[in-house]
Every structure is written in C-alpha cells, then in structure tokens.
Amino acid sequence: MRVLSIDYGKKRTGLAVTDPAQIIANALTTVDTSELMAFVMHYVATEPVERIVIGLPVQTNGLPSENQQRARRFGDKLQERLPHITVEYYDERFTSVLAQRAIRESGIGRKRRETDKGLVDEVSACIILQSWMESRAMHL
C-alpha cells in the first residue's frame with residue numbers, strides 16, 4: 001500500500017506518493033488547494049493508500065507558521081472522511097528551500113522554474129515524504 005504526502009499551501013498544494021512497496025517517493029502533482037479534498041478522495045478510491053503524511057509548517061524557531069492551522073484543519077477533515085487511513089503530520093521545515101535547491105541543481109531551465117509554480121510544491125511534498133520514510137526507517 002502507498003503513502004501519500006501533502007505539502008499543504010494556501011493556494012496550491014503539492015502531492016507525492018510512494019511506490020506500493022514504500023521504497024521510493026515520487027512527486028505526484030500539484031492541485032489548487034480548493035480542489036484538494038476532492039483530489040485526495042478520488043485518489044484513495046482508486047489507489048491503495050494506508051497513510052497520509054501532511055507537512056506541518058513550522059518556523060525555524062520551532063513556532064507554528066501561519067499556514068499550520070490551515071494544514072491541521074485540512075488533516076482533521078481528511079481523518080474524519082477517511083477513518084480507515086492514518087493521517088499524520090511531519091515537520092516540513094526547510095523543505096521549500098531544499099526543493100528549490102534540488103530543482104536548480106537538477107538542470108531544469110530557469111524559464112520553467114519561474115513559470116511552473118507547482119514544481120516547488122511537488123518537490124517539497126516529495127522531500128517531506130522521503131524525510132518521513134528515512135525517519136521511520138531509523139526507528140525500526
């Protein structure tokens with residue numbers, strides 16, 4: 001079964017997913033946040049998902065970021081609608097910075113980086129998921 005990762009944003013939200021064996025995290029897509037619930041409900045209806053990891057926005061000083069309350073509200077609604085799937089949060093500090101660096105280093109052209117606003121969101125979701133998988137592996 002897959003693990004789905006959500007980098008929740010005020011306007012856009014990035015999503016990533018593992019392979020069924022939960023070995024590799026792959027960027028999935030970016031959706032308008034207003035369409036996120038419908039997208040997730042459709043995705044879990046068509047793919048076996050055992051867990052949803054939502055990036056928890058935290059400032060560098062450890063205090064909640066402006067977006068944290070919105071991400072938690074979404075996660076609570078998601079858990080109500082999908083009680084059979086575990087919803088958990090994972091500290092997403094620095095993921096946007098890491099995503100921007102990874103995109104820059106990947107050789108993606110400057111024009112695409114500037115015009116594809118969702119790219120950072122997708123890569124951030126992928127980094128959240130990969131970090132979650134690594135932290136889980138260290139605790140096994």
Passes side-chain contact (heavy atoms from CB on, under 4.5 Å), V53 versus I128? Steps please.
-> CA-CA 8 Å; V53 177; I128 290 166; 4.2 Å; yes
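Salt-bridge annotation for E88 and R51: present, with a side-chain N of the basic residue lying under 4.0 Å from a carboxylate O of the acidic one.
Across all their heavy atoms, A27 and C126 have their closest contact at N-SG, 3.7 Å. The nearest pair of heavy atoms linking D19 to I23 is OD1-N, 2.7 Å. Across all non-hydrogen atoms, the minimal contact from T18 to R2 is O-NH1, 2.8 Å.
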Which side-chain N or O atoms in residues 77-87 pair as donor and acceptor under 3.5 Å with protein atoms at least two apart or in another chain?
{"unit_1": "Q79", "atom_1": "OE1", "unit_2": "V87", "atom_2": "N", "d": "3.0"}
{"unit_1": "Q79", "atom_1": "NE2", "unit_2": "L82", "atom_2": "O", "d": "3.2"}
{"unit_1": "Q79", "atom_1": "NE2", "unit_2": "I85", "atom_2": "O", "d": "2.8"}

Side chains of residues 32-42: which donor-acceptor partners sit under 3.5 Å, not counting sequence neighbours?
{"unit_1": "T33", "atom_1": "OG1", "unit_2": "G9", "atom_2": "O", "d": "2.6"}
{"unit_1": "T33", "atom_1": "OG1", "unit_2": "K11", "atom_2": "O", "d": "3.3"}
{"unit_1": "T33", "atom_1": "OG1", "unit_2": "R12", "atom_2": "N", "d": "3.3"}
{"unit_1": "T33", "atom_1": "OG1", "unit_2": "T13", "atom_2": "OG1", "d": "2.8"}

Validation: residues 66-75 side-chain donor-acceptor distances under 3.5 Å, sequence neighbours left out:
{"unit_1": "E66", "atom_1": "OE2", "unit_2": "R70", "atom_2": "NH2", "d": "3.2"}
{"unit_1": "N67", "atom_1": "OD1", "unit_2": "R70", "atom_2": "NE", "d": "2.8"}
{"unit_1": "N67", "atom_1": "OD1", "unit_2": "R70", "atom_2": "NH2", "d": "3.2"}
{"unit_1": "N67", "atom_1": "ND2", "unit_2": "Y8", "atom_2": "O", "d": "2.8"}
{"unit_1": "Q68", "atom_1": "NE2", "unit_2": "P57", "atom_2": "O", "d": "2.8"}

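When the side chain to side chain contact (heavy atoms under 4.5 Å, CB included) test is applied to Q130, the partners found at least two apart in sequence or on another chain are A25, M133, E134. Here N26 pairs with I24 under the side chain to side chain contact (heavy atoms under 4.5 Å, CB included) rule; sequence neighbours left out. Annotation: side chain to side chain contact (heavy atoms under 4.5 Å, CB included) contacts of A45 (sequence neighbours excluded): none.
Residues V17 and Y43 form a side-chain contact, since some pair of their non-hydrogen atoms from C-beta on lies under 4.5 Å apart.
Of the possible polar contacts, none joining the S5 side chain to the A16 backbone as a donor-acceptor pair under 3.5 Å is found.
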